[in-house]
Participant: 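Sharing a structure with you now.
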Amino acid sequence: MNDEIDPILVGETSDIEVGTVESFEHDDINYAIFHLESGFFCTQGNCNCEENAPLSEAEIEEEELECIGCGNTYSIVSGDCVSDPELNGLKVYDISEEDENIYLNI
């Protein structure tokens with residue numbers, strides 16, 4: 001039995017402009033794919049807040065996002081809540097680039 005899971009093709013690197021975020025769904029799970037100056041990053045698709053706000057609509061500044069639902073600020077790289085360290089952070093996922101394609105490694 002093969003325990004390794006093949007990477008999931010998200011799209012081409014040129015599909016997501018630097019400083020933006022796109023929503024990506026796979027197996028009924030929503031992900032947020034970020035393209036920052038430092039590379040591509042992936043978090044869960046919705047905030048943990050009561051509003052369950054989509055992170056694809058978040059405000060991005062450098063390597064942080066601000067949720068439109070609760071206003072909390074999170075690190076896109078680590079998922080930690082910057083504005084309130086007592087809150088649960090966002091789940092982050094491994095993402096890679098190869099031959100101008102973006103892959104989600106879950």
Side-chain angles (χ1 to χ4, degrees):
M1 185 166 106
N2 185 1
D3 289 337
E4 290 189 31
I5 298 173
D6 291 330
I8 300 155
L9 177 65
V10 173
E12 296 181 3
T13 55
S14 61
D15 291 343
I16 307 174
E17 292 182 33
V18 174
T20 64
V21 57
E22 294 290 330
S23 181
F24 177 75
E25 188 172 312
H26 177 73
D27 285 346
D28 296 326
I29 299 173
N30 191 28
Y31 302 90
I33 311 293
F34 297 86
H35 188 181
L36 307 177
E37 290 287 339
S38 54
F40 288 92
F41 297 89
C42 180
T43 68
Q44 65 194 54
N46 295 79
C47 186
N48 297 324
C49 66
E50 189 174 300
E51 292 82 3
N52 199 32
L55 296 177
S56 60
E57 297 178 15
E59 295 290 323
I60 301 170
E61 188 168 326
E62 296 181 12
E63 292 187 343
E64 296 180 348
L65 68 86
E66 182 180 330
C67 173
I68 62 166
C70 63
N72 284 312
T73 305
Y74 295 88
S75 166
I76 295 168
V77 177
S78 70
D80 295 336
C81 185
V82 177
S83 58
D84 186 352
E86 297 294 316
L87 291 178
N88 289 332
L90 303 174
K91 187 168 185 176
V92 295
Y93 298 91
D94 183 46
I95 197 158
S96 59
E97 299 173 59
E98 186 177 321
D99 299 327
E100 298 184 25
N101 289 316
I102 308 164
Y103 295 94
L104 178 59
N105 306 299
I106 52 173

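Numbering of residues begins at 1 and proceeds along the displayed sequence.
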Participant: Let me have the donor-acceptor pairs involving side chains of residues 17-33, under 3.5 Å, with sequence neighbours excluded, atom names and distances please.
Facilitator:
{"residue": "T20", "atom": "OG1", "partner": "E17", "partner atom": "N", "Å": "3.4"}
{"residue": "T20", "atom": "OG1", "partner": "E17", "partner atom": "O", "Å": "2.5"}
{"residue": "S23", "atom": "OG", "partner": "N30", "partner atom": "OD1", "Å": "2.7"}
{"residue": "N30", "atom": "ND2", "partner": "N46", "partner atom": "OD1", "Å": "3.4"}

Participant: Nearest 0.5 Å, please: how far is CD1 in I102 from CD1 in I8?
Facilitator: 13.5 Å
Participant: Given L65 and F34, is the side chain to side chain contact (heavy atoms under 4.5 Å, CB included) satisfied, shown in steps?
Facilitator: CA-CA 10 Å; L65 68 86; F34 297 86; 3.4 Å; yes
Participant: How about C49 and N72: do any of their side-chain heavy atoms sit closer than 4.5 Å?
Facilitator: no
Participant: First locate atom CZ of F40, then atom CG of D94, and finally report the distance between them rounded to the nearest 0.5 Å.
Facilitator: 14.0 Å
Participant: Just wondering, more than 12 heavy atoms not from E97 lying within 6.0 Å of its CD?
Facilitator: yes
Participant: Quick check: is I16 connected to Y93 through a chain of hydrophobic side chains (ILVMFWY, heavy atoms under 4.5 Å apart)?
Facilitator: yes
Participant: Supply the atom-to-atom distance E64 CD to S78 OG, rounded to the nearest 0.5 angstrom.
Facilitator: 9.0 Å
Participant: In Å, rounded to the nearest 0.5 Å, how long is the span from OG1 of T13 to CD of E98?
Facilitator: 12.0 Å
Participant: Verify the cluster assignment for I95 and L36: are they in a single hydrophobic cluster under the rule of side-chain heavy atoms below 4.5 Å apart?
Facilitator: no
Participant: Could you check if a side-chain atom of F41 sits within less than 4.5 angstrom of a side-chain atom of V92, using non-hydrogen atoms only?
Facilitator: no
Participant: Could you check if a side-chain atom of N88 sits within less than 4.5 angstrom of a side-chain atom of C81, using non-hydrogen atoms only?
Facilitator: no
Participant: Under the 3.5 angstrom rule, does the side chain of Q44 hit a backbone N or O of K91 as a donor-acceptor pair?
Facilitator: yes
Participant: For the residue pair I76 and I60, establish whether any side-chain heavy-atom pair is separated by less than 4.5 Å.
Facilitator: yes
Participant: Keeping the roles fixed (side chain from N101, backbone from V10), state whether a donor-acceptor pair exists under 3.5 Å.
Facilitator: no
Participant: Between the side chain of D80 and the main-chain N/O of V82, is any donor-acceptor distance below 3.5 Å?
Facilitator: no
Participant: Using side-chain heavy atoms (C-beta onward) and a distance below 4.5 Å, is L9 in contact with Y103?
Facilitator: yes
Participant: Which residues pass the side-chain hydrogen bond (donor to acceptor under 3.5 Å, both in side chains) test with N52, not counting sequence neighbours?
Facilitator: none
Participant: Would you compute the distance between atom CG of L87 and atom SG of C70 and round it to the nearest 0.5 angstrom?
Facilitator: 7.5 Å
